[in-house]
Amino acid sequence: MIFLSASVPVFGRQYYDTSNPAAITSAVKAFAKVCAEYQLEVYFGGHPSITPLLLRTGMTVDPDFGRLVHIYQSHEFDGMAPIELSEYADKRWTKKMANRDESLKHMRKTMISELPTECAVFIGGMEGIPAEADLIDKYHPEAKIIPIGSGGGAAYTLFERYGIQDNLLKDSMAFMDIFRRYLKEFN
């Protein structure tokens, strides 16, 4: 199964100044299309900018793409989830904790510890990217790590962390080619 960690950094938050929202959006779209094309199961935390984008784009390749995706959402966000959440076949709700940060921490731990993970893809992102990378390292140390650097954000920091020397992942915006190449082995 493929884990996706992605978001578009928000103005004023860490990683905003290094992010390229258009590249992040393009990368998520390419990821969705290739996963639909290869019929790969995916899981992710339901970030409001990614939830509709992933589903709608994947459905352009496979109208039933939502059946391949396991989406996690915290009860912290009851009533705030995008309408597209209802179109995913497997919605997994996690407990609301004392505050937003604790709720997200609980959701991330639950999500990453529950499902088998062969590969983790990181696109854009804010503080959640390093937190989710830590959990992947802990629960799935054998998982292939695929950071998309050209979108900037927190994903770019993973190159140094993991010692990745792949300029295609670091600089290229040929996202369809990237995902076809790197996800093919999980098909």
Side-chain angles (χ1 to χ4, degrees), residues 1-7 24 26-47 50-51 53-55 57-62 64-74 85 88-94 104-126 128-151 153-170 172 174-187:
M1 192 171 305
I2 311 297
F3 170 64
L4 173 65
S5 180
S7 68
I24 293 167
S26 294
V28 171
K29 287 180 171 182
F31 174 80
K33 287 179 180 179
V34 171
C35 288
E37 180 182 316
Y38 289 172
Q39 294 291 290
L40 299 174
E41 280 190 83
V42 176
Y43 75 96
F44 75 109
H47 190 279
I50 304 303
T51 299
L53 183 62
L54 186 75
L55 179 71
T57 305
M59 289 174 67
T60 65
V61 175
D62 175 359
D64 201 20
F65 178 66
R67 80 188 188 308
L68 295 172
V69 182
H70 310 272
I71 184 167
Y72 283 76
Q73 187 71 62
S74 170
L85 181 66
Y88 285 98
D90 183 17
K91 295 170 281 302
R92 299 182 183 202
W93 289 89
T94 60
L104 286 170
K105 185 177 178 180
H106 175 70
M107 181 198 71
R108 288 180 176 121
K109 182 180 178 195
T110 301
M111 170 176 67
I112 293 171
S113 66
E114 275 187 354
L115 295 175
T117 306
E118 298 172 279
C119 176
V121 174
F122 297 92
I123 303 171
M126 297 175 280
I129 294 270
E132 290 174 354
D134 289 344
L135 290 167
I136 290 292
D137 291 345
K138 178 178 180 177
Y139 292 103
H140 308 287
E142 72 292 343
K144 182 174 191 158
I145 304 297
I146 302 175
I148 302 299
S150 55
Y156 191 83
T157 66
L158 297 182
F159 285 93
E160 188 172 298
R161 175 179 176 163
Y162 291 104
I164 296 171
Q165 299 296 316
D166 187 333
N167 287 334
L168 182 64
L169 289 176
K170 191 172 185 180
S172 177
F175 301 121
M176 288 295 291
D177 291 340
I178 289 169
F179 289 121
R180 281 187 176 130
R181 176 184 295 179
Y182 287 95
L183 298 180
K184 186 174 187 167
E185 71 183 270
F186 305 105
N187 187 0

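With sequence neighbours excluded, the residues that form a salt bridge (Lys or Arg N to Asp or Glu O under 4.0 Å) with R108 are E132. Taking the side-chain contact (heavy atoms from CB on, under 4.5 Å) definition, one finds that D134 meets it with R161, sequence neighbours left out. Partners of E114 by salt bridge (Lys or Arg N to Asp or Glu O under 4.0 Å), not counting sequence neighbours, listed by chain and number: R92. Among residues two or more places apart in sequence or in another chain, the ring pair (Phe, Tyr, Trp, His ring centres under 6.0 Å) test is passed with Y182 by none. With sequence neighbours left out, the salt bridge (Lys or Arg N to Asp or Glu O under 4.0 Å) criterion links E185 to K144. In terms of the ring pair (Phe, Tyr, Trp, His ring centres under 6.0 Å) criterion, Y72 has no residue partners (sequence neighbours excluded). With sequence neighbours excluded, no residue forms a ring pair (Phe, Tyr, Trp, His ring centres under 6.0 Å) with F122. With sequence neighbours left out, R67 forms a side-chain contact (heavy atoms from CB on, under 4.5 Å) with Q39, D62, D64, A89. Checked against side-chain contact (heavy atoms from CB on, under 4.5 Å), K29 has the following partners two or more places apart in sequence or in another chain: T25, L53, T57. By the side chain to side chain donor-acceptor pair (under 3.5 Å) test, H106 is found to be paired with no residue, residues two or more places apart in sequence or in another chain being considered. With sequence neighbours left out, F3 forms a ring pair (Phe, Tyr, Trp, His ring centres under 6.0 Å) with Y43. Taking the salt bridge (Lys or Arg N to Asp or Glu O under 4.0 Å) definition, one finds that D166 meets it with nothing, sequence neighbours left out.
No side-chain donor-acceptor contact under 3.5 Å links S74 to the backbone of L104. E118 contributes a side-chain N or O that, together with a main-chain N or O of M1, makes up a donor-acceptor pair within less than 3.5 Å. Here the side chain of S150 pairs no donor or acceptor atom with the backbone of I148 at under 3.5 angstrom. Here the side chain of Y38 pairs a donor or acceptor atom with the backbone of R180 at under 3.5 angstrom. For the pair H47 (side chain) and S5 (backbone), a donor-acceptor distance under 3.5 Å is absent.
Taking both residues in full, the closest heavy atoms of F179 and V121 are given as CE2-CG1, 3.7 Å, listed atom of the first, atom of the second, then distance. Nearest heavy-atom pair, C119 versus A143, reported as atom, atom and distance to 0.1 Å: N-CB, 4.1 Å. In terms of heavy atoms, K109 sits closest to L135 at N-CD1, 3.7 Å. The two atoms that bring I24 and S7 nearest to each other are CG2-O, 3.8 Å, heavy atoms only. Considering all non-hydrogen atoms of both residues, G149 and F159 come closest at CA-CE1, 3.4 Å. Among all heavy-atom pairs drawn from A6 and I50, the shortest one is O-CG1, 3.2 Å.
Side-chain contact check for I112 versus H140: some heavy-atom pair is nearer than 4.5 Å. Between I178 and S172, some side-chain heavy-atom pair lies under the 4.5 Å cut-off. The shortest distance between side-chain heavy atoms of F65 and L54 falls below 4.5 Å. Within the 4.5 Å cutoff, side-chain heavy atoms of L168 are placed close to those of R181. Side-chain contact between V69 and F44 is present, with at least one heavy-atom pair separated by less than 4.5 Å. Counting heavy atoms from C-beta outward, L158 and I164 have side chains that stay 4.5 Å or more apart.
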| task | Report the C-alpha separation of Q73 and K91 in whole Å, then their side-chain angles, then the decisive distance to 0.1 Å, and conclude whether the side chain to side chain contact (heavy atoms under 4.5 Å, CB included) test is met. | result | CA-CA 7 Å; Q73 187 71 62; K91 295 170 281 302; over 6 Å; no
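In this structure, the separation between CD1 on I2 and CD1 on I146 is 7.0 Å, given to the nearest 0.5 Å.
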